[in-house]
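To start, the structure itself, in structure tokens.
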Amino acid sequence: MSSIVLFGPPGAGKGTQAERIMVATGLPQVSTGDMLRAAVKAGTETGMVAKGFMESGQLVPDAVIIDLIKDRILEPDAANGVMFDGFPRTIPQAEALAGITSVTHVIAIEVPDERIVERICGRYSCAGCGSVYHDTFNPVASGGCNCGQWQEKRRADDNETTVNSRLGAYHEQTSPLADWYRSKGIFHAVNGDRAIDEITGDILVALNQ
Ligand code: ADP
Ligand code: ADP
Ligand code: ZN
């Protein structure tokens with residue numbers, strides 16, 4: 001089994017690209033952010049620990065995240081590998097991952113900080129299917145999402161104050177991972193400040209390298 005990692009700051013487009021890459025590769029998306037939000041909603045022990053960190057835009061402790069991933073990777077749909085979105089976010093998480101599954105490609109979606117706030121503050125998704133939209137850059141069709149279950153959902157942490165903490169956490173704790181993966185020869189950077197389809201094309205090229 002071999003997996004890929006979508007890497008980048010909050011709002012870089014990891015979830016947006018995961019939807020598209022999933023269609024091309026068949027690898028299921030594993031988003032620790034989505035898993036944590038589900039845990040908070042369900043009121044599990046993990047959710048109760050994670051809630052405060054998420055609301056303030058800080059990273060949830062490594063041990064919590066690593067336990068979630070260890071369980072997730074045992075599910076049948078992960079047998080041929082997965083596409084990680086938003087994980088790993090620290091070097092200890094990456095070290096733990098290396099002991100769980102082999103990673104063949106780390107795709108870094110690069111977007112300058114000044115673009116991030118507008119991306120995050122305009123973000124919404126379909127509660128029915130999880131598709132990601134944007135007020136200006138990628139609005140849902142006038143009749144709603146084509147999944148037929150259209151219901152608009154916005155995240156509580158997608159506001160300007162929390163975005164700044166999340167960007168701070170990214171630069172301090174997550175961006176050092178880029179060099180860590182570069183030294184392993186599996187790191188591919190793509191310019192994420194372009195049209196969604198162009199970025200998907202570049203990612204598919206990188207996955208074939
Ligand atoms: P991430 O998963 O990295 O946090 P998302 O995929 O949720 O990022 O994207 C953040 C926001 O930016 C969403 O509203 C999405 O529609 C929008 N977006 C994604 N990719 C692009 C792009 N290439 N150009 C403009 N907006 C984008
Ligand atoms: P985004 O890509 O927009 O930053 P995510 O959905 O990936 O959003 O993450 C939302 C929040 O969940 C983060 O701000 C953080 O608190 C927590 N989180 C998600 N993934 C991780 C992780 N791998 N390690 C630590 N915290 C995480
Ligand atoms: Zn939908």
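Both ligands and their constituent atoms are indexed starting at 1 by order of listing.
- Using a 4.0 Å heavy-atom cutoff, G8 is absent from the residues neighbouring ligand 1.
- Near K14, meaning under 4.0 Å from any of its heavy atoms, are these atoms of ligand 2: 2 (O).
- Residues Q29 and S31 bring no donor and acceptor atom of their side chains to less than 3.5 Å of each other.
- With hydrogens and angles left out, the side-chain atoms of T162 and N159 include a donor and acceptor closer than 3.5 Å.
- Any N or O atom pair closer than 3.5 Å counts here, and R123 shares at least one such pair with ligand 2.
- At a threshold of 4.5 Å between non-hydrogen side-chain atoms, the residues T174 and F7 count as touching.
- Close contacts of ligand 1 with T16, meaning ligand atoms under 4.0 Å from a residue heavy atom, involve 5 (P), 6 (O), 9 (O), 15 (C), 19 (C).
- Remark: the D62 side chain and the Q93 side chain contain an N/O donor-acceptor pair separated by less than 3.5 Å.
- For atom 14 (O) of ligand 1, the closest heavy atom belonging to the protein is Y133 O, 2.7 Å.
- Nearest to atom 6 (O) of ligand 2 by heavy-atom distance, out of R37, M35, R89, is R37.
- Salt-bridge formation is detected for the pair D158/R166: a Lys NZ or Arg NE/NH1/NH2 atom is positioned less than 4.0 Å from an Asp or Glu carboxylate oxygen.
- In summary, R72 and D67 do not engage in a salt bridge, as defined by a charged side-chain N under 4.0 Å from a carboxylate O.
- Among all protein heavy atoms, the one lying closest to atom 12 (O) of ligand 1 is R119 CD, 3.2 Å.
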